[in-house]
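So the structure is just underneath, and the comments pick up after that.
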Amino acid sequence: ASTEQQQAIWKLNLLQNKPEAWKNLPDMFKGLSQEDAAKAFFVLTEYSANRGNQIKNDYNTLIKIAKNYPELPEATLCLSAYAIFAQDKNNVTKYLQQLNNFASQSTEETEFVDKTQFLIKTQLLLDITLKVQPDYLLSFFEQTPDNQLSIGWRRYKAEALIAQGRNEEALRTIQSLLTEPEIDARLFLQAGFLSQQLNKPLSETINYYEKAYQLGGESSGKAALLAGALAYDNKDYDNAKKWFLKINNKNLSFDKNIFLAWLSLEDN
């Protein structure tokens, strides 16, 4: 087979996650353009969670290959994924710092094959890390100043702190995000939930839910439900009813009517 045919066969084997693709990995990468290499790293990243006992061998192989692509964000993304499943905590921090730098740079500063896809896969990687190794994610955040993180990454810091049961720190992190211009109702909902868990003053917790409600969108109904439930638990039935009647989300109509029924019982 010609070089081109070998490349085509290898790409097909790679897409189908066949063992043959992994055997020839270093040799096949040698003939790839930057664009094809980036696409190959994307494909390999998707297989990281399913490599089982092969993960450490794969990881060591990819480290050697990635040395030839120091400026390729997709290579760092791939190494991050394999480092997580190979339980290489120190290097996970290093790779996440590099990913954060890539994500915050413009397309002009960094050569992305597909920046949108890179950002989506980075978000997926952070979601996986949060579920699989939240302490790895927290280690990265503890070694990275907040002023070097985008709002999106700082949200993951709050999630990692919650996963470790550090709710007070998580609330402080979210409170710092609430001063930013790019906020949405979900942050206020999260702040309200944490405030409630930490037994903060009722007015403070309700204020978070009220802000979430005012921002509108899908979260407004949930904010009204949570605020109403909190008022109900504190026997503030008048305010509870006001909040429940604000719920227009059909998905929450069952919960809304259950609470209204309970309030009717309180009123005989």
Side-chain angles (χ1 to χ4, degrees), residues 1-133 136-137 140 150 152-153 156:
S2 67
T3 303
E4 290 78 8
Q5 287 172 325
Q6 289 177 41
Q7 286 284 353
I9 292 167
W10 174 73
K11 287 177 185 176
L12 185 60
N13 288 337
L14 182 63
L15 287 170
Q16 296 176 345
N17 198 16
K18 289 185 176 179
E20 297 92 313
W22 295 85
K23 291 175 186 175
N24 302 326
L25 211 58
D27 290 336
M28 288 297 121
F29 260 92
K30 289 177 184 176
L32 295 182
S33 65
Q34 286 280 104
E35 184 176 353
D36 280 344
K39 290 177 181 176
F41 279 123
F42 270 153
V43 174
L44 290 164
T45 301
E46 292 175 3
Y47 296 141
S48 59
N50 303 313
R51 292 298 292 166
N53 295 332
Q54 293 293 319
I55 192 71
K56 290 193 175 178
N57 289 334
D58 296 343
Y59 178 45
N60 290 329
T61 301
L62 286 167
I63 288 173
K64 294 173 185 175
I65 294 170
K67 284 179 180 176
N68 298 318
Y69 304 93
E71 303 301 321
L72 202 63
E74 294 83 357
T76 304
L77 179 71
C78 186
L79 286 180
S80 303
Y82 282 81
I84 289 162
F85 289 103
Q87 300 183 349
D88 184 3
K89 185 174 182 179
N90 291 334
N91 277 319
V92 168
T93 298
K94 181 184 78 173
Y95 297 139
L96 287 177
Q97 286 173 335
Q98 291 174 8
L99 282 180
N100 178 52
N101 291 337
F102 281 131
S104 62
Q105 290 170 356
S106 67
T107 307
E108 290 73 27
E109 293 171 317
T110 304
E111 199 169 319
F112 291 97
V113 168
D114 186 335
K115 187 170 184 179
T116 300
Q117 190 177 11
F118 170 77
L119 293 174
I120 290 170
K121 289 189 181 296
T122 298
Q123 185 175 338
L124 181 61
L125 176 72
L126 293 174
D127 286 331
I128 290 170
T129 312
L130 192 60
K131 291 176 183 175
V132 178
Q133 300 285 9
Y136 286 18
L137 201 54
F140 156 72
S150 68
W153 282 67
Y156 278 100

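Heavy-atom basis, side chains included; hydrogens, waters and symmetry copies ignored.
Using a 4.0 Å cut-off between charged nitrogen and carboxylate oxygen, Lys121 and Glu46 count as a salt-bridge pair. Between Lys11 and Asp36 there is a salt bridge, with a side-chain nitrogen of the basic residue lying less than 4.0 Å from a carboxylate oxygen of the acidic one.
The distance from atom CG of Leu32 to atom CG of Asn68, rounded to the nearest 0.5 Å, is 11.0 Å. To the nearest 0.5 Å, atoms CG (Leu77) and CD (Gln98) are separated by 11.5 Å. If you take OH on Tyr95 and CG on Leu79, they are separated by 4.5 Å, rounding to the nearest 0.5 Å. Atom CD1 of Ile9 and atom CG of Leu12 lie 8.5 Å apart (nearest 0.5 Å). Summarising the geometry, atom CD1 belonging to Ile84 is positioned 11.0 Å from atom CD belonging to Gln87; distances are rounded to the nearest 0.5 Å. With rounding to the nearest 0.5 Å, the separation of CD1 in Ile128 from OG1 in Thr45 is 9.5 Å.
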Q: Any chance you could lay out the side-chain contact (heavy atoms from CB on, under 4.5 Å) test for Leu126 and Lys131, step after step, and finish with the verdict?
A: CA-CA 9 Å; Leu126 293 174; Lys131 291 176 183 175; over 6 Å; no
Q.
Set out, in order, the CA-CA distance, both residues' side-chain angles and the distance that settles side-chain contact (heavy atoms from CB on, under 4.5 Å) for Gln133 and Val92, then state yes or no.
A. CA-CA 10 Å; Gln133 300 285 9; Val92 168; over 6 Å; no
Q: Please assess Val132 against Phe85 for the test side-chain contact (heavy atoms from CB on, under 4.5 Å), listing each intermediate value before the final yes or no.
A: CA-CA 8 Å; Val132 178; Phe85 289 103; 4.2 Å; yes
(Q) With ring-ring contact (aromatic ring centres under 6.0 Å, His included) as the criterion, how do Phe29 and Phe41 come out once you've worked through the C-alpha distance, each side chain's angles and the decisive distance to 0.1 Å? (A) CA-CA 10 Å; Phe29 260 92; Phe41 279 123; 4.9 Å; yes
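Listed here is the closest heavy atom pair of Ser80 and Leu96: OG-N, 4.4 Å. Heavy-atom minimum distance, Ala40 versus Trp10: CB-CH2, 4.0 Å. Listed here is the closest heavy atom pair of Tyr82 and Leu44: OH-O, 2.5 Å. Annotation for Asp88 and Tyr59: closest pair OD2-OH, 2.6 Å, computed over non-hydrogen atoms. Closest of all the heavy-atom pairs between Lys67 and Pro70 is O-CD, 3.5 Å. Taking all atoms of both residues into account, the shortest heavy-atom contact from Ala81 to Leu125 is CA-CD1, 3.6 Å.
In this structure the side chain of Pro26 reaches within 4.5 angstrom of the side chain of Thr61, judged on heavy atoms. Using a 4.5 Å cut-off on side-chain heavy atoms (C-beta onward), Asn13 and Lys23 make no contact. Proximity of Phe118 to Leu99: side-chain heavy atoms (C-beta onward) are separated by under 4.5 Å at one or more points. Proximity of Thr76 to Leu72: side-chain heavy atoms (C-beta onward) are nowhere separated by under 4.5 Å.
Using a 30° and 60° split on the angle between ring planes, Trp22 and Tyr47 fall in the tilted class, from 30° to 60°.
The main-chain N or O of Met28 is found under 3.5 Å from a side-chain atom of Gln7 such that the two form a donor-acceptor pair.
In this view, Lys64 satisfies the side-chain hydrogen bond (donor to acceptor under 3.5 Å, both in side chains) rule with no residue, not counting sequence neighbours.
Within a 6.0 Å sphere centred on NZ of Lys89, other residues, nucleotides and ligands contribute more than 12 heavy atoms.
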